[in-house]
Amino acid sequence: MTKPFYITTPLYYVNAKPHIGHAYTNILCDTFARWRRLIGEEVFFMTGTDEHGTKIDKAARDQGKAPKVYADEMVPEFKKLWELLGIQYDYFIRTTDSNHKTVVQNVLRDLEKKGDIYKGKYTGWYCTPCESFWTRLQLLEGKCPDCKREVQELSEDNYFFKLSKYQKWLIEYIEASSTFIRPEIRKNEILGFLREPLEDLCITRPRIRLAWGIDYPGSKDHVVYVWFDALINYISGVDYSVDDKKFKKYWPADVHMVGKDILRHHAVYWPIMLKAVGVEMPKTVLAHGWWTMSGAKVSKSRGNAVDPIELCKKYGVDAFRYFLLREVTLGLDGAFSEDLLAERYTSDLANDLGNLWFRIAAMLQKYTEGKIPAYQYEPEILKASHELNPFKRTSEFMASHDPARALNAILNVIVLANQKIEIEKPWELAKDKTKKEKLANVLGNLAEQIAHVSVLLLPFLPETAGKILRRLKLPTEWIIKDEKEFEKPLLKAGISVEKGDALFPRLDEEKVS
Ligand code: ME8
């Protein structure tokens, strides 16, 4: 039996509502998860929330609430957005779940037994918004190197995890693997970082300073550092140290999708934590870039967050998904602008896909009583001239983590189908009684083309692809294992096709700012 495809998102802090950046990560993961299900794999897709630490404690206090009460109120904001965006996750984990806490404590006890934890004094500079301690050398003009805000000097008794002991091993591991850190430029970045000696990681906070965290086992005075706690979700979510059989079924994770901001935590701390407890490495840590606005990263603390709910209301969920997946190559940064979203909407979705459906459905209504006529299926229409089978191309691009090119390959088929209409001119064939058969073949094959395209689009634009398939009286759940299977005809002559509303109605000029 093959192992299920296990994909994770970061656990998002609950100190503010999710924005376009969080939506992006989850849409990427959802698309990969749906793709794997489409090709017949079992999938376990996990997302969730990071609820401990200073940031959350402070946000709760600002509202006069207990942190858990505050987190309980924020979690539905995330779940609501995931539902709106069609994110089909299998499990939602919260770091306040009791199972997660148990696993974190099990890991810590194990690390203590192995001699990888020691008690020491920590002096550092702490940035509250970033939840990060910095050394003097790391500070930029005395300020936090990430957010450039004021930092506080602190010295306290804490527990430390021996990262340094594993530095050599980690460098060799990363160097030897072409898949562990993707894309390649991020691998080089991490190797660059590892050229300097690694400092051991302070993994607790004194309770007198911060009580909102998981109890450190065996100490009344400490709680676990939020990052150490949160990373463990990837194994606690599949019951590490609790249910061996379940853990073995899912682990190792296939993809940890993260933003490049948190790559170091996932490509340095996390593998060392796993190595220290003797757990296999995840297959790939995949770091995507940032969405920026006016040159700065979109972030809740900078207050330039774009509300995904508003964008979906205006353009539709699939247009939003399409834009994020298509506009930027996974790994690179992207400048967000609503104008670009509107442009993509009009050119790719309304003019290409929406128009193709409209034309095919309208011609079927006009020339064949709204029914799929009897036709001679020509599978080569799927491989537009000089193109490979679009299923094969999509598979290859998805395997190399490139959904933008996968979408482009699918869109090419749509463009070619629109061109085919211009070339074949069904309206002229319809005027000539001797061309009846030819007309039926052209229309039947165009309908096949859009049916196949819709199956391929299911992971990317689930709502729209589902709509087209339903209008063609086809199922919306598919398993397509290879290109041969993909090439089979999908339609039956005689079925009635519903034209339906425009898939992507023209944008109201006033609505688009
Ligand atoms: O870092 N562009 O949580 P977080 C693209 N709790 N993606 C973005 C983005 C942007 N402008 N802004 C945020 C944390 N993201 C920790 C993670 S994991 C064990 C703990 C996305 O709420 C991106 O995935 O700050 C980034 O890595 C993540 O949100 C950070 O979310």
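We count ligands from 1, going down the list as the structure has it; atoms in each ligand are counted the same way. No hydrogens, no waters, no symmetry mates; every other heavy atom, side chains included, goes into these values. The shown structure was predicted, so the numbers you read here are calculated from the model rather than taken from an experiment.
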[X] N/O under 3.5 Å from ligand 1 N/O:
X: W291; answer: yes
X: S299; answer: no
X: Y24; answer: no
X: I262; answer: no

Considering non-hydrogen atoms of the protein only, which is the closest contact for [atom], and what is the distance?
atom: atom 25 (O) of ligand 1; answer: Y13 CD1, 3.6 Å
atom: atom 17 (C) of ligand 1; answer: L11 O, 3.2 Å
atom: atom 9 (C) of ligand 1; answer: G21 CA, 3.5 Å

Checklist entry - Can a salt bridge be assigned to the pair R109 and E112 using a cut-off of 4.0 Å between side-chain N and carboxylate O? => result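 No salt bridge links R109 with E112.
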
Checklist entry - Thinking salt bridges, do E156 and K121 make one under a 4.0 Å N-O criterion? => result no

Compute whether any side-chain donor of one residue and acceptor of the other, for [X] and [Y], lie under 3.5 angstrom apart.
X: Y126; Y: T54; answer: yes
X: T464; Y: D318; answer: yes
X: R326; Y: N408; answer: yes

Proximity flag [X] to ligand 1, non-hydrogen atoms under 4.0 Å:
X: H19; answer: yes
X: K300; answer: yes
X: H288; answer: yes
X: G289; answer: yes

Item to check | Proximity of V298 to ligand 1 by residue part, where a heavy atom lies under 4.0 Å | outcome: both

Checklist entry - Would you call the rings of Y91 and F44 parallel, tilted or perpendicular, where under 30° means parallel and over 60° means perpendicular? => result parallel

Item to check | Criterion side chain to side chain contact (heavy atoms under 4.5 Å, CB included) on Y6 and M46, from CA distance to verdict | outcome: CA-CA 8 Å; Y6 177 22; M46 188 167 80; 3.3 Å; yes

